[in-house]
Each structure stands twice: as structure tokens, then as C-alpha cells.
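Below is one structure; the comments refer to it alone.
The basis for the numbers below is simple: all heavy atoms, side chains too, and nothing from hydrogens, waters or symmetry mates. By convention in this document, chain letters (A, B, ...) are assigned in the order of the sequence lines, proteins followed by strands, and residues within each chain are numbered from 1.
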Amino acid sequence: MIDAPRPLPPGWPTTEAEATAVQDELRGRVILDEPGPQPGAPLIAVGVDVAYDDERDVVVAAAVALDGTTLEVVEEATAVGRVAFPYVPGLLAFREIPTVLAVLDRLTVTPGLVVCDGYGLAHPRRFGLASHLGVLTGLPTIGVAKNPFTFTYDAPGPARGDTSPLLDGAEEVGRALRTQKGVKPVFVSVGHRVNLDHACAWSLVLSPRYRLPETTRAADSLCRRALAEQAS
DNA sequence: GCGACAG
DNA sequence: ATCTTGTCGC
């Protein structure tokens, strides 16, 4: 059975000015002074990702819950929604967050950490997707991105676990983290209720074999499969 | 002013 | 994100 795309929430921003105002309002509710879960602690780590069909204006979100110790999949969920905003760098969250919230609602397990595909604090106004999702759910969140966006960094050391600051001018907004020897780093930033050390440590724990965390890989794979089903 | 820019 | 074949390598 294929789900019909759910409609947008009433009052959802439609202009860049409105979306920016929402960010500025929600940003005051981000919690940055909690250490967050200890890396390796027994918890459920949830990866979220989305896939788009711009033709049909459809977005499919996937959430995959992993045992934070064994990295085994304990639950999967998908949700189908409407693309909620045009793609504007810095406003990515508005495109997908309603559907991401829906997919998290479908999980029966309680996430101890949510790993987002994108940024948190590393954002032009310090309120990326991971920050936004964290504030709206109250859950600890981190962002792990594949690209440095507009930020700068020097290459981290060659060993797995080596890091270097991700900089916006002189300000450290996240870290480039080498998750595999000799492989391009990922870009980690804090979302909500997790500090940068723990965010990096969890990113490393969740990436035992590949460049990207297993949470991200599992969610990416699932949302692509779900989008293909939705299209057929 | 223009372009570049997470996904 | 997405458009897209084969190919080199473990």
C-alpha cells in the first residue's frame, strides 16, 4: 500500500523572509550546553534522510533506528510528503522537515541520538537542519554532511579519527572528521543537546567501515527505495 | 551587483 | 538532491 503525500502544515512559510524569521525565532531554543550521550553508551541512534521527486513535488523521508552498540537495525520507517519549500541554500530544512517529523512519529523506539544528513550549527545563521529538527523534537541531534558548504578547513591528519576545525572566518562551527584512512573527511556539526566532541565521537563510532555513518547510509538507501516504490 | 552555496 | 555507463579495484 502506497501512502498519499501528506499536505503541508498550516501556516508553513512560503517566502524566504518568512522562513528566515522562523529560523531566527527557533534559534533561541537550541540547547548547546549539554554534553549529550556518551559515545558508545547503549542507546538507539536514528539516521534520517530524504529523497525528492521534484516532478511530482514529492519527498520521501526514511528513518532507520540502529542499536548504538552493535549497529544492527532495530526499526525502519518511511513517510511521504509534499516538497515544502524551494531549495535555497541556508533554508534546506524547510523543504523536508514536515516529512521528517512524520517519519520520526512512525518509529516506536525512542531515539537517543538523531543523525541528520546536513548541518546543524554550521550554517549561515547557525541554524541548520539538525538544529531545527532538534528544537522541534527535543531530541539530541547532530549533523554529518558530505560537503563543507561555504566553510573552510585544512585537511585533517590521515588517520581515522583525525579532525580539523570547520571554520566560518575565525569561528569553529564544526569539524572535518576523517572516518576512514585516506578517504575525504565528513563535516560534523552539533544540532541540539550534544557537544562537538561527542558529535564527532558518535560520528566515528557509527562509521566503522565506510566514509559515512551507518545511520546515514541506511536511511539514504531506504528513502531511495521508498521513492522508487512511490513512483511506480 | 553577481555568483556560489548543506540536500 | 538528480540527470547517468562503464569501469577499476578489493
Any side-chain donor near an acceptor of the partner, A:Arg225 and A:Ser221, under 3.5 Å
yes
Among B:dG7, C:dT2, B:dA6, the one nearest any side-chain atom of A:Asp117 is B:dG7
Interatomic distance, A:Arg82 CZ vs C:dA1 C1' [rounded to whole Å]:
18 Å
Rounded distance in Å - CG (A:Leu212) to C1' (C:dA1)
15 Å
Between P of B:dG7 and CG of A:Asp54, the distance in whole Å:
15 Å
If you only use heavy atoms from C-beta on, which nucleotide in B:dC5, B:dG7, B:dA6 is closest to the side chain of A:His123?
B:dA6
Below 6.0 angstrom between ring centroids: does that apply to A:Phe187 and A:Tyr153?
yes
A:Arg224 and A:Asp49 ion-paired at < 4.0 Å
no
Hey, what's the ring geometry for A:Phe94 with A:Phe85, parallel, tilted or perpendicular (30° and 60° as the breaks)?
tilted
Compare side-chain N and O positions of A:Asn147 against OP1 and OP2 of B:dG7 and report whether any pair is under 4.0 Å apart.
yes
Take atom CZ of A:Arg125 and atom P of B:dC5, then tell me their distance rounded to the nearest Å.
18 Å
Rounded distance in Å - CZ (A:Phe151) to P (B:dG7):
12 Å
Touch check for A:Gly143, heavy atoms < 4.0 angstrom, all strands: base, sugar-phosphate only, or nothing?
nothing
Could you tell me whether A:Asp3 and A:Arg106 have a side-chain N and a carboxylate O separated by less than 4.0 Å?
yes
To the nearest Å, give me how far apart CZ (A:Phe149) and C1' (B:dA4) are.
10 Å
So, do A:Tyr87 and B:dG7 meet the stacking rule of ring centres under 5.5 Å and planes under 30°?
yes
Starting from P on B:dA6, measure out to CG on A:Asp168 and report it in whole angstrom.
14 Å
A:Gln180 CD to C:dG9 P, in whole Å, measures 21 Å
Closer than 4.0 Å, any side-chain N/O of A:Arg224 to the OP1 or OP2 of C:dT2?
yes
Look at all strands and tell whether A:Leu91 reaches a base, only sugar-phosphate, or nothing, counting heavy atoms closer than 4.0 Å.
base
The side chain of A:Arg95 is closest to which nucleotide in this list: B:dG7, B:dA6, B:dC5?
B:dG7
Across the strands shown, which category fits A:Ala122 at heavy-atom distances under 4.0 angstrom: base, sugar-phosphate, nothing?
nothing
Examine B:dA6: is either OP1 or OP2 under 4.0 Å from a nitrogen or oxygen in the side chain of A:Lys146? Give yes or no.
no
